[in-house]
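Take a look at the structure below.
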Amino acid sequence: MNKKACALADQDVSSVLHPYTDARQHQVNGPLMIDRGEGIYVYDSEGKEYIEAMSGLWSVALGFSNERLIKAAEDQLRKLPFYHIFNGKAHAPSTQLARQLLDLAPVPMSKVFFTNSGSEANDTIVKLLWYRNNALGKPQKKKLISRLNAYHGVTVMSASLTGLPNNHRGFDLPLPQVLHVSCPHHYRYGAPGETEEQYADRLALELEALILKEGADTIAAFFGEPLMGAGGVLVPPRTYWSKIQAVLRKHDILLVADEVICGFGRTGSMFGCDTFDIYPDAMLLSKQLSSSYQPIAAVLINDHIFEPIADQSHQIGTLGHGLTATGHPVAAAVSLENIRIIQEENLVGRAAELGALLNEKLGGFADHPLVGEVRGHGLISAVELVADKATKARFSTPGRVGGYLAQRAQHHGFITRSIGDAIAFCPPLITTQAQIQTIVDRFEWALIDTERWYASQP
Ligand code: PMP
């Protein structure tokens, strides 16, 4: 790049306020400019190749250069680049996609509401539940239960549902209607000697105690990712969900399954609800819905939620909720094609097979002195690093060692994400067996670098 182009690029990049970035540090470091993508690889502006082992943001199921998705977008752009679905208008892509999602849903669902992001999907379902409970004459039934380490988004309500300190700190959140219970991570939070199942019993008791304390008639819903993603790839104990669902049913509290990461094959079944035997009243979908080629999310609701909402909207005269791009035709057309490809190429079955392979290979690091736990289900895994294997003690500055490993991984051409000191793996569903081996090899190089660096620390 010549001097002038460099200066221009510097000016351009410094005009962005980046999500999940230390804004001051960024003024010093600058960005990693990603220029193009192909298959499971992305290339930076210098031409360096990286395996995108996080599928971007857990989302690019079909990789970065799927011609059929590009064509679906182009065809729809030529035919009808935009039209809304307010005031009873409709277009084929959004109605067909809604039908397709209802057909795929693991439990009977009745209607689909489209948004642009997972955060808006979470906000939308909260508004719909509040609207419903007002319609049912239960105006006090509004509280929401979520979990520590949950990720549901960043808008005011979805950030409140999120159970991560950095999404609350400095933002005056969470909102008072949101209550957080423990997350199901036996390795980290199980008591000494407690089995996974005893631990799951304890979490169900904790949930029930909270419900009894607050009063079931004040609680609208429980929110949960079937397998928690951004909080560290936390795989629940085998009977966790059946125990939690029994408590919710007993106290007439609805269950919202946030499938934004799990949906469309990630855990080795079409939905995380299939993998973990979850029977939700509402489901939230995004990310792998369109492989993130277009921004789109969907809220699926069952009849129990829809019917009172229909009555309420009739009484008021309209459902006063909707976004300009709700059901956007290009995003919907891309999603339809994306789902078609996932089905035609049996990428769900492939995720199960590749996931087993990835987890087996990562299991090979279990004896490494810095590795505390290797966990995963389907094609989503994490390796948690610890200061002391025997006591599971964390590092003195949490996140520093994981962050170092992620940097070394990037150096070796492998993009991962460190969540605290857990290293996440979430490669595209189109990854090959040979590419899984390359990911594991590059992880090993980064781990060797990290071990050396850690040993040299004072
Ligand atoms: N729910 C889950 C489970 C997520 O993982 C995410 C994003 N990582 C969201 C909601 C929020 O989605 P978005 O970033 O599209 O708002």
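Whatever order the structure lists them in is the order used to number ligands and atoms, beginning at 1. For the numbers below, each heavy atom of this structure counts, side chains included, while hydrogens, waters and symmetry mates do not.
No more than 12 heavy atoms of other residues, nucleotides or ligands lie within 6.0 Å of CG in Asp172, so this atom counts as exposed by the packing criterion.
Sorted by chain then number, the residues whose non-hydrogen atoms approach ligand 1 to under 4.0 Å are Ser117, Gly118, Ser119, Asn122, Tyr151, His152, Gly153, Glu225, Asp258, Val260, Ile261, Lys287.
Residue pairs meeting the side-chain hydrogen bond (donor to acceptor under 3.5 Å, both in side chains) criterion with at least one member in residues 409-418, sequence neighbours excluded, are His412-Asp449.
Here Lys71 pairs with Asp75 under the salt bridge (Lys or Arg N to Asp or Glu O under 4.0 Å) rule; sequence neighbours left out. Residues that satisfy the salt bridge (Lys or Arg N to Asp or Glu O under 4.0 Å) test with Asp201, not counting sequence neighbours, are Lys243.
Of the charged side-chain nitrogens involved, at least one lies within less than 4.0 Å of a carboxylate oxygen, so that Glu384 and Arg375 count as a salt-bridged pair.
The main-chain N or O of Leu80 is found under 3.5 Å from a side-chain atom of Gln76 such that the two form a donor-acceptor pair.
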